[in-house]
Chemist: 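There's a structure below that I have some questions on.
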Amino acid sequence: MTSDEIQRAVFQAIRAIPRGQVAAYGDVAHRAGLPGRARLVGRLLRESPRSARLPWHRVLRADGRLAFPVDSEPYAEQARKLAAEGVALVGGKVPVRFFAWREDDIDAALWGPR
DNA sequence: GGCGTGACTATAC
DNA sequence: GGTATAGCCACGC
């Protein structure tokens, strides 16, 4: 796999995160066919230009915390973008139990076709 | 190749 | 709840 293909797979996985839901770096890596490479996802995001138009704000750490220092500007921006989609931070972290991106029957049961 | 570093994670106290 | 530790892997020096 070339680095270009890897980047494409990772970006595609990120773009597949539905609005109003979030995914951990490790989840994105897994969906991109790169299990165990959460750090690679972080590195690609860090290097990706804004023109990539990725929903990068939907990617966070496995425990629900954002990956930036709490007092940083990127942190504030990510929190704002998430809030705009209805994803609020509670105690400094996103309640992953509720907002995590899953494609299993849990979601279908909760907010699937009624 | 060694070593530190980092938008990471799981496990164990 | 918190800290510590180990594993992870790509990069740059």
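By convention in this document, chain letters (A, B, ...) are assigned in the order of the sequence lines, proteins followed by strands, and residues within each chain are numbered from 1.
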Chemist: Measure from CG on A:Asp63 to P on B:dC8 and round the result to the nearest Å.
Modeler: 10 Å
Chemist: Look at the side chain of A:Phe68 and decide which nucleotide, out of C:dA10, B:dA7, B:dC8, has an atom nearest to it.
Modeler: B:dA7
Chemist: On a heavy-atom basis, which atom in A:Met1 and which in A:Ala9 lie closest, and how many Å separate them?
Modeler: CE-CB, 4.4 Å
Chemist: Considering heavy-atom distances to DNA chain C, does A:Glu47 or A:Gly36 have its closest nucleotide positioned more toward the 5' end?
Modeler: A:Gly36
Chemist: Looking only at non-hydrogen atoms, find the nearest pair between A:Phe11 and A:Ser48 and report the distance.
Modeler: CZ-CB, 3.6 Å
Chemist: Would you mind reading off the distance between A:Tyr25 atom OH and C:dC9 atom C1', rounded to a whole angstrom?
Modeler: 16 Å
Chemist: Could you state the CZ-P distance from A:Arg39 to B:dG4, rounded to the nearest angstrom?
Modeler: 14 Å
Chemist: Could you state the interatomic distance from OG (A:Ser3) to CD (A:Glu5), rounded to the nearest 0.5 Å?
Modeler: 9.0 Å
Chemist: Rounded to the nearest angstrom, tell me the gap between atom CD in A:Glu73 and atom C1' in B:dA7.
Modeler: 15 Å
Chemist: Once you apply a heavy-atom cut-off of 4.0 Å, does A:Arg61 come out as touching a base, just sugar-phosphate, or nothing?
Modeler: sugar-phosphate
Chemist: Across the strands shown, which category fits A:Arg46 at heavy-atom distances under 4.0 angstrom: base, sugar-phosphate, nothing?
Modeler: base
Chemist: Between B:dA7 and C:dG7, how far is it from one P atom to the other, in whole Å?
Modeler: 22 Å
Chemist: Looking across every strand, which nucleic acid part, if any, lies under 4.0 Å from A:Ala29 by heavy atom: base, sugar-phosphate, or nothing?
Modeler: nothing
Chemist: Quick one: is C:dA10 close enough that its OP1 or OP2 comes under 4.0 Å of any side-chain N or O from A:Arg37?
Modeler: yes
Chemist: Between A:Gln78 and A:Val59, which heavy-atom pair has the shortest distance, and what is it?
Modeler: NE2-O, 3.0 Å
Chemist: Just compare C:dA10, B:dA7, B:dT9 and give me whichever is closest to any side-chain atom of A:Trp56.
Modeler: B:dA7
Chemist: Among the nucleotides B:dC8, B:dA10, C:dA10, which one has an atom lying closest to any side-chain atom of A:Arg43?
Modeler: C:dA10
